[in-house]
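Counting convention: from 1, in listed order, for ligands and their atoms alike.
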Amino acid sequence: MTSSDPEHHKNEMKKLQEAQSKKRRELKDPEHGLVLVHTGNGKGKSSSAFGVIARALGWGQKVAVVQFIKGKWKTGEKQFFDRFSEELDWHVMGDGFTWDTQDREQDIEAAEKALQKAKELISSGNYALVVLDEINIALRYDYLHTDAVIAALERRGETNVILTGRDAKAKLMDYADTVTEMTEVKHAFHAGIRAQQGIDF
Ligand code: ATP
Ligand code: MG
């Protein structure tokens with residue numbers, strides 16, 4: 001009997017199906033909300049989190065976002081999600097925390113304020129999903145302690161939390177349930193192409 005034999009194929013598929021459904025039966029719901037980390041050098045960390053926000057809103061779930069870096073651009077996602085002011089709370093906490101400030105004390109203060117806000121949102125029990133966009137950058141520059149972020153996550157209850165940004169701390173990735181590293185294969189930026197409306201912001 002060869003693998004191209006229809007009877008053999010049918011049997012193989014049946015075995016696979018049984019194994020899959022056995023696996024599914026053994027799956028369980030999590031005890032707490034899930035913690036997801038989107039990191040790596042490739043493009044897609046924040047935009048993937050925005051995709052999950054759309055998914056949650058689609059189910060009528062409540063969502064909060066804390067942006068740890070204040071972008072200087074008006075973004076498409078912010079304009080789009082402004083349509084969901086009932087279900088979505090969007091906080092830009094990077095007041096003063098941009099590449100332009102170069103003032104470490106001011107940056108630390110802004111990052112701490114943002115973490116405080118994140119902690120309130122995460123522990124409130126009011127949200128199905130909280131996104132901490134670019135928090136890994138604040139951790140990378142030691143504006144925040146990983147332990148302080150994990151302490152906030154510990155109080156999440158049923159709330160799912162997504163943390164984005166390059167160079168995620170190993171300790172945070174250990175703590176998380178799902179970690180995705182975006183790998184850069186190519187980026188238009190390296191060909192000298194500036195950020196594009198609708199693609200990059
Ligand atoms: P996006 O918001 O598009 O999902 P990101 O969150 O993965 O991107 P960030 O590190 O937050 O990436 O960078 C934000 C901006 O920088 C975006 O405009 C993005 O297109 C751009 N960018 C992302 N990856 C790279 C890269 N490898 N080189 C240059 N620019 C990049
Ligand atoms: Mg990003």
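Between H187 and N41 the shortest side-chain heavy-atom distance does not fall below 4.5 Å. In this structure, the side chains of Q106 and E109 stay at 4.5 Å or more apart for every pair of heavy atoms. At least one side-chain heavy atom of H8 sits under 4.5 Å from a side-chain heavy atom of E12.
In Q79, the CD atom is crowded: over 12 heavy atoms of neighbouring residues, nucleotides or ligands sit closer than 6.0 Å.
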Could you give the N/O to N/O pairs under 3.5 Å linking ligand 1 and the protein, each with its distance?
{"from": "ligand 1", "atom 1": "3 (O)", "to": "K43", "atom 2": "NZ", "distance (Å)": "2.5"}
{"from": "ligand 1", "atom 1": "4 (O)", "to": "G44", "atom 2": "N", "distance (Å)": "3.2"}
{"from": "ligand 1", "atom 1": "4 (O)", "to": "K45", "atom 2": "N", "distance (Å)": "3.4"}
{"from": "ligand 1", "atom 1": "4 (O)", "to": "S46", "atom 2": "N", "distance (Å)": "3.4"}
{"from": "ligand 1", "atom 1": "4 (O)", "to": "S47", "atom 2": "N", "distance (Å)": "2.9"}
{"from": "ligand 1", "atom 1": "4 (O)", "to": "S47", "atom 2": "OG", "distance (Å)": "2.5"}
{"from": "ligand 1", "atom 1": "6 (O)", "to": "S46", "atom 2": "N", "distance (Å)": "2.9"}
{"from": "ligand 1", "atom 1": "6 (O)", "to": "S46", "atom 2": "OG", "distance (Å)": "3.0"}
{"from": "ligand 1", "atom 1": "7 (O)", "to": "G42", "atom 2": "O", "distance (Å)": "3.4"}
{"from": "ligand 1", "atom 1": "7 (O)", "to": "G44", "atom 2": "N", "distance (Å)": "2.8"}
{"from": "ligand 1", "atom 1": "7 (O)", "to": "K45", "atom 2": "N", "distance (Å)": "2.7"}
{"from": "ligand 1", "atom 1": "7 (O)", "to": "K45", "atom 2": "NZ", "distance (Å)": "2.9"}
{"from": "ligand 1", "atom 1": "10 (O)", "to": "R166", "atom 2": "NE", "distance (Å)": "2.9"}
{"from": "ligand 1", "atom 1": "10 (O)", "to": "R166", "atom 2": "NH2", "distance (Å)": "3.3"}
{"from": "ligand 1", "atom 1": "11 (O)", "to": "E134", "atom 2": "OE2", "distance (Å)": "2.7"}
{"from": "ligand 1", "atom 1": "12 (O)", "to": "K45", "atom 2": "NZ", "distance (Å)": "3.4"}
{"from": "ligand 1", "atom 1": "18 (O)", "to": "D200", "atom 2": "O", "distance (Å)": "3.1"}
{"from": "ligand 1", "atom 1": "20 (O)", "to": "H187", "atom 2": "NE2", "distance (Å)": "3.4"}
{"from": "ligand 1", "atom 1": "20 (O)", "to": "D200", "atom 2": "OD1", "distance (Å)": "2.3"}
{"from": "ligand 1", "atom 1": "22 (N)", "to": "H187", "atom 2": "NE2", "distance (Å)": "3.3"}
{"from": "ligand 1", "atom 1": "24 (N)", "to": "R166", "atom 2": "NH2", "distance (Å)": "3.1"}
{"from": "ligand 1", "atom 1": "27 (N)", "to": "N41", "atom 2": "O", "distance (Å)": "3.0"}
{"from": "ligand 1", "atom 1": "27 (N)", "to": "E184", "atom 2": "OE1", "distance (Å)": "2.2"}

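A salt bridge links K169 with D142: the closest approach of a Lys/Arg side-chain nitrogen to an acidic carboxylate oxygen falls below 4.0 angstrom.
The OG atom of S46 and the OE2 atom of E134 subtend an angle of 100° at the Mg ion (ligand 2), given to the nearest 10 degrees.
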- [ ] Decide yes or no on ring-ring contact (aromatic ring centres under 6.0 Å, His included) for F50 and W90, but give the supporting numbers first.
- [x] CA-CA 12 Å; F50 299 141; W90 193 295; 5.8 Å; yes

